[in-house]
Amino acid sequence: QVQLVESGGGLVQTGGSLRLSCAASGIIFSINTMGWYRQAPGKQRELVAEISMFGSTNYADPVKGRFTVSRDNAKNTLFLQMNSLKPEDTAVYYCNSVRVGLHGEKVADYSWGQGTQVTVSS
């Protein structure tokens with residue numbers, strides 16, 4: 001059974017930092033491009049950071065220069081280091097695979113976990 005378990009969220013003030021972790025099981029982790037998604041209240045889920053099997057990374061513009069995604073293939077774990085946090089980063093953060101679909105959309109292949117709540121106060 002595929003499991004994606006996110007942890008590390010919490011309540012921080014503007015300018016603070018958090019480090020999120022995602023423990024994956026039931027998938028061949030090392031050959032998947034993996035990413036972090038977030039969903040704020042009243043908004044669609046969006047991809048904010050991804051990392052390929054080769055270690056290449058890509059970030060959404062709002063988090064570029066502040067977030068760093070990394071992975072430990074030996075431990076089937078994905079990380080997201082978040083610095084200089086802003087109130088607009090407030091969301092539930094999820095991990096999943098990242099793939100480009102037939103019509104150019106981003107596709108997550110696995111069932112969503114519970115996510116981890118990140119709240120940034122003003």
Side-chain angles (χ1 to χ4, degrees):
Q1 185 179 359
V2 175
Q3 272 196 293
L4 299 169
V5 182
E6 301 91 347
S7 62
L11 173 63
V12 297
Q13 296 188 91
T14 297
S17 297
L18 285 171
R19 183 173 172 84
L20 308 184
S21 297
C22 168
S25 61
I27 66 172
I28 308 175
F29 181 85
S30 62
I31 65 169
N32 276 265
T33 294
M34 299 296 295
W36 288 95
Y37 303 75
R38 69 184 182 187
Q39 187 168 28
K43 297 186 68 178
Q44 295 282 91
R45 202 192 311 266
E46 63 175 344
L47 178 67
V48 298
E50 60 184 297
I51 181 168
S52 76
M53 63 179 292
F54 307 107
S56 300
T57 58
N58 190 45
Y59 300 91
D61 286 341
V63 310
K64 201 168 297 181
R66 301 187 296 119
F67 291 10
T68 303
V69 62
S70 60
R71 65 195 296 166
D72 185 340
N73 288 337
K75 296 181 179 180
N76 285 7
T77 305
L78 185 72
F79 302 98
L80 185 67
Q81 179 66 47
M82 306 187 297
N83 298 325
S84 302
L85 284 162
K86 305 174 180 180
E88 49 263 48
D89 296 319
T90 295
V92 178
Y93 285 72
Y94 304 87
C95 64
N96 216 309
S97 63
V98 183
R99 180 170 58 82
V100 180
L102 288 172
H103 306 289
E105 75 276 24
K106 297 289 187 177
V107 176
D109 286 322
Y110 305 105
S111 297
W112 299 101
Q114 289 186 322
T116 186
Q117 176 72 52
V118 171
T119 303
V120 185
S121 62
S122 301

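This chain uses plain numbering: 1 for the first residue, then up along the sequence. All values below were derived from every heavy atom in this structure, side-chain atoms included, with hydrogens, water molecules and symmetry-related copies excluded.
- Surrounding CD of Glu88 are more than 12 heavy atoms belonging to other residues, nucleotides or ligands, all under 6.0 Å away.
- The minimum heavy-atom distance between Thr90 and Val120, with the atom names listed, is OG1-N, 3.0 Å.
- The side-chain hydrogen bond (donor to acceptor under 3.5 Å, both in side chains) search around Arg71 returns Asn73, not counting sequence neighbours.
- Taking CG from Asn76 and CE from Met34, the interatomic distance works out to 9.0 Å, rounded to the nearest 0.5 Å.
- Of all heavy-atom pairs spanning Leu47 and Trp36, the tightest one is CD1-O, 3.4 Å.
- Residues satisfying the side-chain contact (heavy atoms from CB on, under 4.5 Å) test with Ser7, not counting sequence neighbours, are Ser21.
- Taking the side-chain hydrogen bond (donor to acceptor under 3.5 Å, both in side chains) definition, one finds that Lys64 meets it with Asp61, sequence neighbours left out.
- Residues meeting the salt bridge (Lys or Arg N to Asp or Glu O under 4.0 Å) test with Asp72, sequence neighbours left out: none.
- Partners of Glu46 by side-chain hydrogen bond (donor to acceptor under 3.5 Å, both in side chains), not counting sequence neighbours, listed by chain and number: Arg38.
- A search for side-chain hydrogen bond (donor to acceptor under 3.5 Å, both in side chains) contacts involving Arg19 returns nothing, not counting sequence neighbours.
- Ser25 is linked by a side-chain contact (heavy atoms from CB on, under 4.5 Å) to Gln3, counting only residues two or more places apart in sequence or in another chain.
- Nearest heavy-atom pair across Arg99 and Asp109 is NH2-OD1, 2.8 Å.
- Minimum interatomic distance between Val63 and Val48 (heavy atoms only, all atoms of both residues): CG2-O, 3.4 Å.
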In residues 50-57, what donor-acceptor pairs under 3.5 Å come from side-chain atoms, sequence neighbours left out?
from  : atom 1 : to     : atom 2 : distance (Å)
Glu50 : OE2    : Lys106 : NZ     : 3.3
Ser52 : OG     : Phe54  : N      : 3.1
Ser52 : OG     : Gly55  : N      : 3.4
Ser52 : OG     : Ser56  : N      : 3.2

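- Within 6.0 Å of the CD atom in Gln117, the count of heavy atoms belonging to other residues, nucleotides or ligands exceeds 12.
- In this structure a side-chain-to-backbone donor-acceptor pair under 3.5 Å is present from Asn96 to Tyr110.
- Among pairs with a residue in residues 9-18, those fulfilling side chain to side chain donor-acceptor pair (under 3.5 Å) read Ser17-Asn83, at least two apart in sequence or across chains.
- By the ring-ring contact (aromatic ring centres under 6.0 Å, His included) test, Tyr94 pairs with Trp112, sequence neighbours left out.
- Counting heavy atoms from C-beta outward, Leu78 and Val69 have side chains that approach closer than 4.5 Å.
- Residue pairs meeting the ring pair (Phe, Tyr, Trp, His ring centres under 6.0 Å) criterion with at least one partner in residues 64-93, sequence neighbours excluded, are absent.
- Residues satisfying the side-chain contact (heavy atoms from CB on, under 4.5 Å) criterion with Ala40, sequence neighbours excluded, are Lys43, Ala91.
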